[in-house]
Amino acid sequence: PIIFAITPTYYRLEQKAELTRICQTFRLVKYLFWILVEDSLDKTSLVRNLLKNCKIPYAHLNALTPPKFKNIPGNTKFPRGVAQRNEALDWIRTNVNPKETQGVVYFADDDNAYDVRIFEEMRYTNVVSVWPVGLLGHKFESPIVKTGKVVGWIFVWGAHRPFPIDMASFSFNVQLLFLHQEAAFNYTAQQSMQESIILMGLNVTMSDLEPKANNCTEILVWHTRTQRTILGHQPKHPANFSVDLEV
Ligand code: UGA
Ligand code: MN
């Protein structure tokens, strides 16, 4: 089975470093198809060049977050990645033939840290696979597994959520997208509800969940964040030496 890895991405100083890191990880994974969706009006040359150099199969898409749903730091908490992930789901529905394709879908944000073993764990998924994720305001979050079945969750907050899990902690069989054509993320639900929204849209129940990572006892993915760079004064170059590098 092939892994469709869906990554929303947006411009900030650290973008190229983040995408380089995730690309290097993906290069170690066989049969992975990267759907990279820019949060932008147009596709950028930075991302186009990065994908060209990455040497893995990919689709380069873009979908701008509607301005009214763009977060103002410290002020609003709209869910991120909504328009971009939906664009990717539609791309799969349009371009993948479900009769000829065995595969799984995974939402791989551009800033997390992935052990390549997680991709082999998720690759064989009948309906939905789940596993622990490191950090997240705590040491980790995890499904609770008893005799091979998921019976509950270890999480820090948001008990009202039907699936109190992070985007990085599950994958699903690509066939579900074709059985549930309307399944999508949306801006009307809260930030923390996005995982539950898509899983409910795919008609997933607790009994469908397949615990991975040695019955959810291993952490193979971490919800990490790169610190924002605060630019200082521009260094002075010698008068006859001019540089303008794309960072
Ligand atoms: C948490 C979850 O881990 C995300 O999967 C979820 O989308 C997010 O909350 C949310 O619902 O807001 P967090 O680390 O807080 O993630 O979010 P980011 O990593 O900043 O953003 C998630 C993804 O969306 C990233 O791949 C990021 O590049 C992308 N993004 C972020 C955009 O495409 N546009 C933006 O304006 C911001
Ligand atoms: Mn993140």
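Note: hydrogens, waters and symmetry copies are ignored here, and every other heavy atom, side chains too, is used. Position 1 is the first residue of the sequence; numbering continues from there. Just follow the structure's listing: the first ligand is 1, and inside any ligand the first atom is 1.
Counting heavy atoms only, Asp109 comes closest to atom 4 (C) of ligand 1 of the residues Asn71, Asn112, Asp109, Ile165. Of the listed options Phe78, Tyr11, Phe107, Tyr10, Tyr10 places a heavy atom closest to atom 37 (C) of ligand 1.
Between Glu141 atom CD and Trp131 atom CH2 the span is 14.0 Å, to the nearest 0.5 Å.
Looking only at protein heavy atoms, the nearest one to atom 34 (N) of ligand 1 is Asp39 OD2, 2.8 Å. Protein heavy atom closest to atom 19 (O) of ligand 1, with residue, atom name and distance, is Asp111 OD2, 2.9 Å. Looking from atom 9 (O) of ligand 1 to the surrounding protein, the closest heavy atom is Arg80 NH2, 4.1 Å. Among protein heavy atoms, atom 1 (C) of ligand 1 sits closest to His223 NE2, 3.8 Å. Scanning the protein for heavy atoms near atom 26 (O) of ligand 1, the closest one is Pro8 O, 2.7 Å.
Residues Asp110 and Thr9 bring a donor and an acceptor atom of their side chains to less than 3.5 Å of each other. In this model, no donor atom of one side chain and acceptor atom of the other lie less than 3.5 Å apart for Glu121 and Ser129. When only modelled atom types and interatomic distance are considered, Asp39 and Thr65 share a side-chain donor-acceptor pair under 3.5 Å.
Among Gln84, His60, Lys43, the single residue meeting the side chain to side chain donor-acceptor pair (under 3.5 Å) criterion with Glu38 is His60. Tested against Glu18, the residues Arg21, Gln15, Lys16 include a single side chain to side chain donor-acceptor pair (under 3.5 Å) partner, Arg21.
Geometrically, Arg161 engages Trp157 in a cation-pi contact defined by less than 6.0 Å to the ring centre and at most 45° from the axis.
Counting the atoms of ligand 1 from 1 in the order shown, those under 4.0 Å from a heavy atom of Arg225 are 13 (P), 14 (O), 15 (O). Proximity to Gln191 (heavy-atom distance under 4.0 Å) selects the following atoms of ligand 1: 10 (C), 11 (O), 12 (O). Close contacts of ligand 1 with Met167, meaning ligand atoms under 4.0 Å from a residue heavy atom, involve 5 (O). Residue Asp110 approaches ligand 1 through these ligand atoms, each under 4.0 Å from one of its heavy atoms: 25 (C), 26 (O), 27 (C), 28 (O).
The number of heavy atoms from other shown groups lying within 6.0 Å of NZ (Lys149) is above 12.
Ligand 1 has Arg85 within reach: a non-hydrogen atom of the residue lies less than 4.0 Å from it. Residue-ligand proximity: Asp166 is placed with a non-hydrogen atom under 4.0 Å from ligand 1. Contact analysis puts Lys70 in contact with ligand 1, with a non-hydrogen atom separation below 4.0 angstrom.
With a cut-off of 2.8 Å, the Mn ion (ligand 2) has an N, O or S atom of Asp111 in range.
Ligand 1 has no N or O atom lying under 3.5 Å from any N or O atom of Thr7, backbone or side chain.
Ring orientation note: the planes of Phe33 and Trp91 are close to parallel, at an angle under 30° on the 30°/60° scale.
Looking at Glu120 and Arg117, no side-chain N of the basic residue comes within less than 4.0 Å of a carboxylate O on the acidic one, giving no salt bridge.
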